[in-house]
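A quick write-up on the structure given underneath.
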Amino acid sequence: MTKPVLDVRDLKKIYGEGEATVHALRGVSLTVHRGDYVAIMGSSGSGKSTLMNILGALDVPTFGSYHLDGVDVSKLADRQLALARNRLIGFIFQAFNLIPRTSAVANVELPLAYAGVKPKERRRRALEALEVVGLADRARHEPNQLSGGQQQRVAVARALVTEPALLLADEPTGNLDSHSTHDVLNVFDQLSAAGRTIVIITHEPEVGARTKRLVRLVDGEIVEDTRQSPIHLPPVGAFAGRHAV
Amino acid sequence: MSFKEVVRFALRGLSANKLRSALTMLGILIGVAAVILLVAVGNGSAKAISDRIEALGTNTITVMSTGRGGSSNTALTTDMADAISDPTMAPDVKSVSPVVSSSATITYEGTDHDVNSFVGTTPGWFTASNTPIGTGSGFTADDETQGRRVVVLGQTVVDELFPGVDPIDKQVTVGGALFTVVGVLKEKSSTGFQDANDTAVAPLSAVRQVLTGYGALNSMLVEAKDPGKVDTVESEVSTILDQRMTKTATSSTSSSTTPYRIQNASQLLETQTATADTFTTLLGAVAAISLLVGGIGITNIMLVTVTERTREIGIRKALGAPRRVILTQFLIEATLLSVIGGALGVVAALVGSSFEIVGVKPVIVPSSIGLALGVSIAIGLFFGGLPASRAARLRPIDALRYE
């Protein structure tokens with residue numbers, strides 16, 4: 001087996017001091033291999049968002065080690081951290097977090113620009129990514145001209161355009177209605193079928209049910225880790241005909 | 001990521017928020033324009049006042065007789081004028097203009113006009129009294145010795161008698177004699193209640209012949225060679241006059257023993273200097289206050305603009321933007337806003353200064369442009385750059401949570 005995409009050991013995160021100390025994470029260890037599709041579920045306050053932010057290199061853990069694609073992220077300086085966020089991780093937020101008043105294609109191009117890709121190449125890859133999420137015809141629209149589901153798909157396109165080792169989604173369907181949720185989850189299924197490594201944080205059971213592996217988090221600790229379908233096969237939710245890889 | 005790309009990002013950032021960018025620039029524009037214009041208006045009023053004082057003549061003294069009646073030994077005569085212009089007796093005197101004046105009625109084609117001062121003098125008076133000719137010409141020394149009846153009119157007289165007509169070479173009647181108009185005085189700003197333009201100037205000999213007779217002179221205008229020598233000239237003149245005039249003790253006051261009075265312009269000079277000093281202080285205060293107000297405006301709008309975008313900075317960091325790139329982008333945006341806004345402010349101030357503001361013609365002080373522009377750009381950069389660098393240093397998760 002190749003080295004894991006994600007490997008965290010005994011991760012702890014403590015907020016506050018003295019009386020007000022909150023143990024958001026109490027020693028989480030998790031390994032995710034290439035091609036896996038993992039849902040991290042937990043109720044509010046279980047520490048799943050904290051875990052997500054640490055996995056996305058947006059926050060630093062108090063204790064523990066974090067290897068992303070073989071790189072020890074907890075030891076990186078600001079500059080290399082920016083590089084890691086840019087090259088290794090594609091982050092999808094609950095609140096979409098598109099840059100306002102900027103067209104969809106320009107939003108998708110942004111991580112490529114920070115990676116130093118030439119404008120022409122950038123445009124081509126951004127349009128390709130939009131094609132994957134089914135929004136090629138909306139490339140010129142600005143975020144406020146798109147529905148929530150479309151905005152989230154633009155965000156997905158932006159996350160995958162750099163071809164990162166890991167796609168991280170923090171409650172990607174939290175702000176969406178059931179129809180848009182379906183659209184976005186279909187995109188995730190397709191990406192998983194195409195061999196992407198995806199980690200989704202959610203509290204919705206129907207989202208968790210479609211993944212290959214389910215991790216349950218309670219009070220900052222992993223209480224359940226279930227494999228729902230084999231790692232080398234497309235996820236259960238992916239439409240028929242895509243089963244043979 | 002190349003610098004060119006960052007510049008393109010900054011431009012896109014500005015154009016994505018056209019209204020906000022425009023308002024920011026407007027804030028800077030107003031700050032800069034207000035400073036420059038206020039200082040220009042202050043400077044304009046200072047100039048206007050010092051011009052008026054200067055128009056009174058600062059390097060001349062006026063000698064007037066205080067003698068009562070026409071007693072010959074207390075009257076000023078042309079002989080005295082000649083004596084004062086003697087270069088050995090009075091080396092610092094540049095010119096002496098004997099002056100007679102009276103009120104007179106000027107008539108042209110049935111229209112009458114009463115002038116307050118119909119002045120008879122010599123050609124040197126025009127420069128000494130700081131009364132330049134506007135159109136036409138003054139009279140010459142030859143006109144004076146020949147007693148030719150020529151006259152130079154003030155603007156008010158021309159407006160009254162020659163509405164819409166060129167007065168040059170026309171003949172007017174004064175005291176029953178015909179005078180030919182040879183020139184018009186340049187319009188003068190009035191200094192007191194009297195209209196300085198309601199005047200007419202003619203050769204001394206002609207005026208004496210027609211109007212005043214050959215009695216005493218009303219006054220003599222003595223011009224010093226330079227404003228600093230006014231005091232020397234004054235003492236030279238008194239020495240000459242003391243020799244020529246008989247001192248008579250007047251009944252009214254014991255101190256007034258001389259039969260003449262010398263009006264010195266040095267008080268005027270002092271007033272002028274004091275006024276200039278007052279205005280310099282005033283200008284400094286005005287500039288400081290308007291810079292402060294303009295600066296606070298710019299600070300405010302820059303802080304709001306950047307703070308509002310903390311979330312955007314968080315998104316950019318999450319997408320892998322290095323701190324340096326974010327900081328450069330925001331600094332370029334702040335620079336563009338400050339420089340363009342500041343330049344537009346200078347243009348607005350220059351345009352505004354071409355109009356009269358509450359009766360004052362603003363005069364731009366060049367250093368105020370540099371000061372206003374420099375301070376605004378510095379403030380814009382500092383208060384645009386500081387919050388941007390603070391946001392860029394935040395952990396992305398904190399910047400993203402920022403509301």
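Lettering of chains follows the sequences in order, A, B, ..., and the numbering in each one begins at 1.
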A:Ser74 and A:Asp72 side chains, donor-acceptor separation under 3.5 Å: yes
From the list A:Asn86, A:Thr162, A:Leu98, the residue making the most non-hydrogen contacts under 4.5 Å with chain B is A:Asn86
B:Val363: side-chain contact (heavy atoms from CB on, under 4.5 Å) partners, not counting sequence neighbours: B:Asn43, B:Lys47
What residues form a side-chain contact (heavy atoms from CB on, under 4.5 Å) with A:Leu110, not counting sequence neighbours? A:Ile99, A:Tyr114, B:Phe9, B:Arg316, B:Leu319
A:Asn53 (side chain) donor-acceptor with A:Ser49 (main chain) under 3.5 angstrom: yes
When you measure from the side chain of A:Ser192 to the backbone N and O of A:Phe188, does any donor-acceptor pair fall under 3.5 Å? no
When you look at [atom1] of [X], are more than 12 heavy atoms from neighbouring residues, nucleotides or ligands closer to it than 6.0 Å?
X	atom1	result
A:Glu17	CD	no
A:Arg9	CZ	no
A:Tyr15	OH	yes

Pairwise side-chain contact, B:Arg324 with A:Arg79, heavy-atom cut-off 4.5 Å (strictly under): yes
Hey, does A:Ile40 have a side-chain heavy atom less than 4.5 Å from the side chain of A:Ile222? no
Of the backbone (N, CA, C, O) and the side chain (C-beta and beyond), which part of B:Arg309 lies under 4.5 Å from a heavy atom of chain A, both, or neither? neither
Residue-level interface, residues 138-160 of chain A with chain B, non-hydrogen cut-off under 4.5 Å: A:Arg158
Under a 4.5 Å heavy-atom criterion, the part of residues 11-27 of chain B in contact with chain A comprises B:Arg12, B:Ala16, B:Asn17
